[in-house]
Amino acid sequence: MSNRDTLFSAPIARLGDWTFDERVAEVFPDMIQRSVPGYSNIISMIGMLAERFVQPASQVYDLGCSLGAATLSVRRNIHHDGCKIIAVDNSKAMVERCRRHIDAFKAQTPVEVVEDDIRNIAIENASLVVLNFTLQFLNPDDRLTLLTKIYQGLNPGGALVLSEKFSFEDKEMGELLFNMHHDFKRANGYSELEISQKRSMLENVMLTDSVEAHKARLHQAGFEHSELWFQCFNFGSLVAVKSGSPA
């Protein structure tokens with residue numbers, strides 16, 4: 001049973017910017033279930049996409065792996081020999097917990113958990129790359145560079161899963177979906193104070209794009225095919241595929 005997220009239940013004098021520190025890592029499973037609509041669906045579908053896309057003797061990258069939920073979902077669904085998962089996060093607190101989570105489950109596919117900035121990681125011989133609510137925390141100027149590196153490191157027929165919080169070009173719809181997400185959090189027991197304090201901490205560090213902007217950037221990075229496969233309010237996930245047949 002995960003610890004309940006009460007980090008923002010009392011007024012905080014100086015909010016500062018969001019960081020994935022020890023306190024966040026400790027309540028993260030509860031926080032994400034209660035804050036991100038459809039999160040558990042996305043995690044289980046990443047496993048199904050792994051079953052479809054992971055090629056024998058190839059590598060899978062989970063970039064911004066946090067506690068390893070996507071990594072574990074992928075690993076459960078790899079049925080080939082010679083595969084390896086590389087899970088990367090720049091938060092020491094997340095990486096330490098992720099290693100413990102991974103080690104708690106025995107499986108044939110090895111997982112290497114790396115504490116580093118995902119921009120430093122070489123992508124090689126990849127059949128699947130996962131960016132699960134990670135790109136939105138990168139400087140917008142670095143996003144295309146990372147996606148291009150991922151595209152170049154993917155094998156033909158490989159895929160990228162890109163889950164994000166979205167902004168919307170239609171302001172009226174954007175406001176509706178924003179408010180529905182607010183209702184979702186309220187229904188999950190968050191108070192107005194918790195919602196507003198968390199939002200103000202995130203506003204400088206989480207810069208969101210529209211689905212259209214994501215698709216345009218994926219195309220620019222080289223991806224021949226991309227589509228939104230899941231959306232709930234202002235959260236969703238795209239899958240982008242590199243053309244060609246696996247070797």
Distance check, rounded to the nearest 0.5 Å: D183 atom CG versus N179 atom CG?
7.0 Å

If you group Ile, Leu, Val, Met, Phe, Trp and Tyr by side-chain heavy-atom gaps below 4.5 Å, do V130 and V111 land in one group?
yes

CG-OG1 distance between L146 and T134, expressed to the nearest 0.5 angstrom:
9.5 Å

Is it true that L67 and L131 fall in one hydrophobic cluster, defined by side-chain heavy atoms closer than 4.5 Å?
no

Got a salt bridge between K171 and E175, using NZ or NE/NH1/NH2 to carboxylate O under 4.0 Å?
no

Side-chain donor or acceptor of D89 paired with backbone N/O of S66 under 3.5 Å
yes

State, without any angle test, whether N132 and S163 hold a side-chain donor-acceptor pair at a distance under 3.5 Å.
yes

Which one of F168, F233, F166, F235 satisfies the ring-ring contact (aromatic ring centres under 6.0 Å, His included) criterion with H181?
F235

Any side-chain donor-acceptor pair under 3.5 Å between H219 and S226?
no

Going by the side-chain contact (heavy atoms from CB on, under 4.5 Å) test, name the single residue among I118, L63, L154 that passes it with I123.
L63

Closest non-hydrogen atom pair, R75 against T109
CD-O, 3.1 Å

Take D30 and R34 through the salt bridge (Lys or Arg N to Asp or Glu O under 4.0 Å) test and state the conclusion after the steps.
CA-CA 6 Å; D30 180 66; R34 291 165 63 209; 2.7 Å; yes

Measure the shortest side-chain to side-chain distance between V161 and S237 over non-hydrogen atoms and say whether it is less than 4.5 angstrom.
yes

If you take all heavy atoms of N120 and K149, which pair is closest and at what distance?
C-NZ, 4.1 Å

Is it the case that K242 places NZ or CZ above or below the six-membered ring of Y151, under 6.0 angstrom from the centre and within 45 degrees of the axis?
yes

For R52, salt bridge (charged side-chain N to carboxylate O under 4.0 Å, His left out) partners two or more places apart
none

With sequence neighbours excluded, tell me which residues meet salt bridge (charged side-chain N to carboxylate O under 4.0 Å, His left out) with E112.
K84

